[in-house]
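Along the sequence shown, residues carry numbers from 1.
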Amino acid sequence: MKVIIQKLNGMWHLVVGSCQIRTPFMETQDRERVVAYARRVYPGAKVFERD
């Protein structure tokens, strides 16, 4: 499974397949926290970043 993280409207979002999920993290927070969150929610997924 692939999970893509991206900044959108001041928040970090996870894109899983065709679903876009807003995370509880603001755009100004570290990307590492968002990656750790994505790995906790979707264990074993490959995490990518999109600009």
Side-chain angles (χ1 to χ4, degrees):
M1 172 187 305
K2 290 194 281 185
V3 175
I4 300 169
I5 61 172
Q6 69 180 22
K7 295 178 186 178
L8 184 65
N9 297 329
M11 299 286 291
W12 284 100
H13 288 73
L14 301 179
V15 179
V16 182
S18 63
C19 298
Q20 184 171 341
I21 304 161
R22 186 175 70 183
T23 67
F25 300 104
M26 298 296 290
E27 182 178 289
T28 56
Q29 291 179 300
D30 292 334
R31 182 184 70 83
E32 290 80 22
R33 293 182 82 186
V34 181
V35 170
Y37 174 79
R39 288 193 175 145
R40 248 191 344 256
V41 174
Y42 298 101
K46 294 181 181 180
V47 179
F48 300 94
E49 185 175 2
R50 180 186 295 170
D51 288 333

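- Following chains of ILVMFWY side-chain contacts shorter than 4.5 Å, one can reach Val41 starting from Val35, so the two form part of one hydrophobic cluster.
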Exercise. Between Tyr37 and Leu14, is a side chain to side chain contact (heavy atoms under 4.5 Å, CB included) present by the stated rule, with each step listed?
Worked result: CA-CA 10 Å; Tyr37 174 79; Leu14 301 179; 4.1 Å; yes
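- Separation of atoms CZ (Arg50) and CD1 (Ile5) is listed at 11.0 Å; rounding is to 0.5 Å.
- Side-chain contacts under 4.5 Å among hydrophobic residues (ILVMFWY), followed directly or transitively, place Val15 together with Ile4, Phe48.
- Put simply, CD on Gln6 and OG1 on Thr23 are 11.0 Å apart, with the number rounded to the nearest 0.5 Å.
- In this structure, Met11 is not a member of the same hydrophobic cluster as Val34, with clusters built from ILVMFWY side-chain heavy atoms closer than 4.5 Å.
- Looking only at distances, a side-chain donor or acceptor of Trp12 sits under 3.5 Å from a matching main-chain atom of Met26.
- Minimum interatomic distance between Gln29 and Arg33 (heavy atoms only, all atoms of both residues): NE2-NH1, 3.2 Å.
- In this view, Arg31 and Glu49 satisfy the side chain to side chain donor-acceptor pair (under 3.5 Å) rule, not counting sequence neighbours.
- Remark: Glu27 engages Lys7 in a side chain to side chain contact (heavy atoms under 4.5 Å, CB included) (not counting sequence neighbours).
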